[in-house]
2 protein chains.
Amino acid sequence: MLQRLRHAEITRRVRTSGATSVRDLATQLGVSPSTIRRDLEVLDRDGTLRRVRGGALPCADADAERPFADVAATDEQDKEAVATRAAELVRDGDVVLLDIGTTTMCLARRLRGRRVIVVTSSLAVLDVLRSDPVVELLLLGGMLRRPYHSLVGVLTEAALCQVVADRLFLGASGVRPDGQLVDTTIAEVPLKRSMISAARQVVLLADRHKFPGTGALRVCGPEDVDVVVTNEGADEPTLRACAAAGAEVLLT
Amino acid sequence: MLQRLRHAEITRRVRTSGATSVRDLATQLGVSPSTIRRDLEVLDRDGTLRRVRGGALPCADADAERPFADVAATDEQDKEAVATRAAELVRDGDVVLLDIGTTTMCLARRLRGRRVIVVTSSLAVLDVLRSDPVVELLLLGGMLRRPYHSLVGVLTEAALCQVVADRLFLGASGVRPDGQLVDTTIAEVPLKRSMISAARQVVLLADRHKFPGTGALRVCGPEDVDVVVTNEGADEPTLRACAAAGAEVLLT
DNA sequence: GCAGTGCCCGCACAAACATGCAAGATTGCG
DNA sequence: CGCAATCTTGCATGTTTGTGCGGGCACTGC
């Protein structure tokens with residue numbers, strides 16, 4: 001078995017079964033405990049997992065950084081519907097600011113061939129629009145965050161200061177009952193705030209499962225959002241809270 | 001069995017069966033392990049698959065379009081040699097600034113797995129390093145220029161102002177007999193100058209066909225270049241002009 | 001304090017690797 | 001067609017890297 005494969009397999013087992021012992025891994029993979037220890041050492045150094053006496057534990061922030069493909073697959077229908085509705089808000093000639101995430105990626109697909117300027121820090125959006133000859137694409141710089149296919153950091157925010165957009169399409173990991181937007185990853189929050197300041201109109205893209213959704217970090221309140229695009233079946237009280245704060249709610 | 005056919009067959013097997021060992025491929029295809037290793041080497045360099053000890057893994061972004069395949073093919077051997085030599089100049093922990101172009105893309109391949117911070121405005125470099133878990137990648141922002149797979153504009157230069165790099169690896173479309181660097185595309189020239197200011201050491205990557213090469217736009221003089229990496233057979237007088245201006249010349 | 005377990009370290013062996021070289025295959029040209 | 005230049009391939013070389021094992025040591029639980 002290739003060393004590389006073994007590393008991947010160990011990572012998978014630790015992730016799925018929680019804690020895993022050196023002995024079990026050794027017998028299950030048919031190698032000596034020494035080998036497992038050495039493997040765990042490098043995986044621990046990589047930050048892939050946490051080494052403890054007798055075995056290994058999944059790393060706390062590892063499952064926060066869920067693989068992009070998994071997330072993209074969840075609630076795909078709803079996200080597509082939201083993206084389709086959102087695309088109708090875009091006018092020719094617009095400067096469109098796209099947040100990171102799978103929903104905005106879907107929206108980007110619908111902007112292909114449109115005469116718009118897209119500004120983004122999302123590499124998923126870049127992938128979608130890279131070969132399109134019509135759309136002008138302005139990529140914000142920043143440090144690459146591989147699991148999110150995004151760019152973050154001071155460079156990204158500095159670049160945003162030089163941008164004025166007609167419309168921002170914002171993602172979020174959740175909307176709380178009082179209409180506040182929340183997220184899970186600390187690095188993205190200041191960036192989202194900067195994007196909000198840079199845009200004339202803020203459109204929230206959130207499929208119905210985002211109500212309430214997960215996340216403990218406050219991004220902004222409902223008063224910062226001009227339009228909410230979501231699906232039928234989203235939590236009614238939350239939607240009313242958004243509407244009460246002045247947001248227009250669009251259902252698909 | 002012909003080499004080309006074997007390459008295709010290896011690619012197919014790696015793609016379908018996930019991971020494949022050198023030994024298995026050798027026995028199954030009826031050739032020696034050395035041959036397989038050589039095949040895997042070129043396929044890895046092409047970005048078709050990823051080489052690991054003992055075998056090869058399918059490349060995640062393999063079906064993503066191969067950046068400027070046609071340009072990259074010209075003088076490929078020479079460029080690869082230049083890139084290999086240049087990679088030896090990089091030290092662990094370096095902040096490496098990579099210009100756009102095919103030669104720097106080759107260099108980026110050789111930085112995979114190295115503990116370095118790569119700063120670039122090249123999407124080709126992004127493609128190469130995007131899935132590498134070790135290299136830190138800082139992408140400069142900017143307007144997408146599709147034919148060049150690069151980012152340019154005020155955003156790019158503004159981002160560069162906030163960067164200090166240990167080494168810049170600079171491309172050029174030509175070096176004139178007096179050692180001046182020239183280029184063909186006006187949008188890139190100010191960017192190259194900014195990169196030169198942002199780096200402590202400037203390394204010019206130019207295969208032997210770049211002497212004299214084409215281009216009417218002056219980028220900088222030989223005095224701005226610290227190291228020139230090129231091939232045996234590059235125009236001697238030009239090299240002497242570079243050396244006279246204080247540049248160290250490395251031949252492959 | 002005393003097993004028992006897991007770990008670190010050094011060593012030995014094996015597998016995989018890079019390199020140089022020579023024989024065979026292929027191509028190009030006269 | 002013949003010959004030379006080039007490329008490809010397999011093998012032998014020495015080197016690097018991964019793996020397994022055993023002894024001494026540290027930590028844990030009784």
Side-chain angles (χ1 to χ4, degrees), chain A residues 1-11 13-14 17-46 48-58, chain B residues 1-11 13-14 17-46 48-58 73-81 83-88 92 106 109-115 133-134 208 231-233 251-252:
Chain A
M1 188 188 215
L2 298 180
Q3 188 189 29
R4 186 87 199 193
L5 278 182
R6 209 178 47 230
H7 285 186
E9 180 62 19
I10 290 174
T11 306
R13 294 198 183 221
V14 171
S17 26
T20 318
S21 77
V22 171
R23 193 157 19 88
D24 292 353
L25 285 171
T27 53
Q28 286 167 21
L29 301 181
V31 293
S32 80
S34 319
T35 305
I36 296 294
R37 289 199 187 94
R38 276 182 279 240
D39 289 340
L40 294 183
E41 187 186 350
V42 316
L43 290 172
D44 177 57
R45 211 172 39 219
D46 288 354
T48 314
L49 45 75
R50 261 188 55 210
R51 183 77 166 90
V52 293
R53 188 182 175 80
L57 298 174
Chain B
M1 188 186 227
L2 259 58
Q3 191 185 27
R4 283 288 160 78
L5 279 181
R6 210 177 47 232
H7 284 187
E9 180 62 18
I10 290 174
T11 306
R13 293 198 182 222
V14 171
S17 25
T20 320
S21 75
V22 171
R23 195 158 16 90
D24 292 354
L25 285 170
T27 53
Q28 286 167 22
L29 301 181
V31 293
S32 80
S34 321
T35 306
I36 297 294
R37 276 189 259 274
R38 275 182 280 241
D39 290 340
L40 293 184
E41 186 185 352
V42 316
L43 290 172
D44 177 58
R45 212 168 44 209
D46 288 355
T48 313
L49 46 75
R50 268 192 54 208
R51 184 77 165 90
V52 293
R53 188 183 174 81
L57 299 174
T74 61
D75 314 323
E76 195 173 340
Q77 304 274 341
D78 292 325
K79 285 177 182 177
E80 297 285 354
T84 303
R85 183 71 186 86
E88 295 168 11
D92 274 13
C106 294
R109 289 214 189 92
R110 285 161 179 77
L111 296 180
R112 281 200 277 228
R114 295 280 303 268
R115 203 172 55 74
V134 180
R208 59 197 174 90
N231 314 104
E232 299 276 359
L251 295 175
T252 65

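Since this is a predicted model, take the numbers as computed values, not measurements. So you know, we letter chains A, B, ... as the sequences are listed, proteins then strands, and number each from 1.
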Qualifying residues under side-chain contact (heavy atoms from CB on, under 4.5 Å), relative to [X], sequence neighbours excluded:
X	result
B:Arg110	B:Arg45, B:Glu80, B:Ala83, B:Thr84, B:Ala87, B:Cys106
B:Arg13	B:Glu9, B:Ser17, B:Leu25, B:Gln28, B:Leu29
A:Ala19	A:Leu57
A:Thr27	none

Find the distance [X]:[atom1] to [N]:[atom2] and express it as a whole number of Å.
X	N	atom1	atom2	result
A:Ile36	D:dC21	CD1	P	13 Å
A:Glu41	D:dG18	CD	P	12 Å
B:Leu40	C:dC17	CG	P	8 Å
B:Asp44	C:dA16	CG	P	18 Å
A:Leu29	D:dG20	CG	C1'	16 Å
A:His7	D:dT17	NE2	C1'	12 Å

Give me, pair by pair, the N or O atoms of the protein and of nucleotides 5-7 of chain C that are less than 3.5 Å apart, along with how far apart they are.
| unit_1 | atom_1 | unit_2 | atom_2 | d |
| --- | --- | --- | --- | --- |
| C:dT5 | O2 | A:Arg53 | NH2 | 3.4 |
| C:dG6 | OP1 | A:Arg23 | NH2 | 3.2 |
| C:dG6 | O3' | A:Gly54 | N | 3.3 |
| C:dC7 | OP1 | A:Arg51 | NH1 | 3.0 |
| C:dC7 | OP1 | A:Arg51 | NH2 | 3.0 |
| C:dC7 | OP1 | A:Gly54 | N | 2.7 |
| C:dC7 | OP2 | A:Arg37 | NE | 2.5 |
| C:dC7 | OP2 | A:Arg37 | NH2 | 3.1 |

All side-chain hydrogen bond (donor to acceptor under 3.5 Å, both in side chains) counterparts of [X], not counting sequence neighbours:
X	result
A:Thr35	A:Ser32
A:Thr20	none
B:Ser34	none

Between the protein and nucleotides 20-26 of chain C, list the N/O to N/O atom pairs that are separated by less than 3.5 angstrom.
none

Self-check item: B:Ser34 side chain near D:dC11 phosphate (N/O to OP1/OP2, under 4.0 Å)
Solution: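 Checking D:dC11 against B:Ser34, no side-chain N or O comes under 4.0 Å of OP1 or OP2.
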Quiz item: When you check the phosphate oxygens OP1 and OP2 of D:dT19, does a side-chain N or O of A:Gln3 lie under 4.0 Å from one of them?
Solution: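 So the side chain of A:Gln3 is within the cut-off, an N or O lying under 4.0 Å from OP1 or OP2 of D:dT19.
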Practice problem: Note down the inter-axis angle between the two ends of the helix from C:dG1-D:dC30 to C:dG30-D:dC1, five pairs each, to the nearest 10°. | Solution: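 For the helix from C:dG1-D:dC30 to C:dG30-D:dC1, the axes at opposite ends meet at about 40°.
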Self-check item: Sequence neighbours excluded - salt bridge (charged side-chain N to carboxylate O under 4.0 Å, His left out) pairs with any residue from residues 29-44 of chain B
Solution: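 Qualifying pairs, neighbours excluded: B:Arg6-B:Asp39, B:Asp44-B:Arg112.
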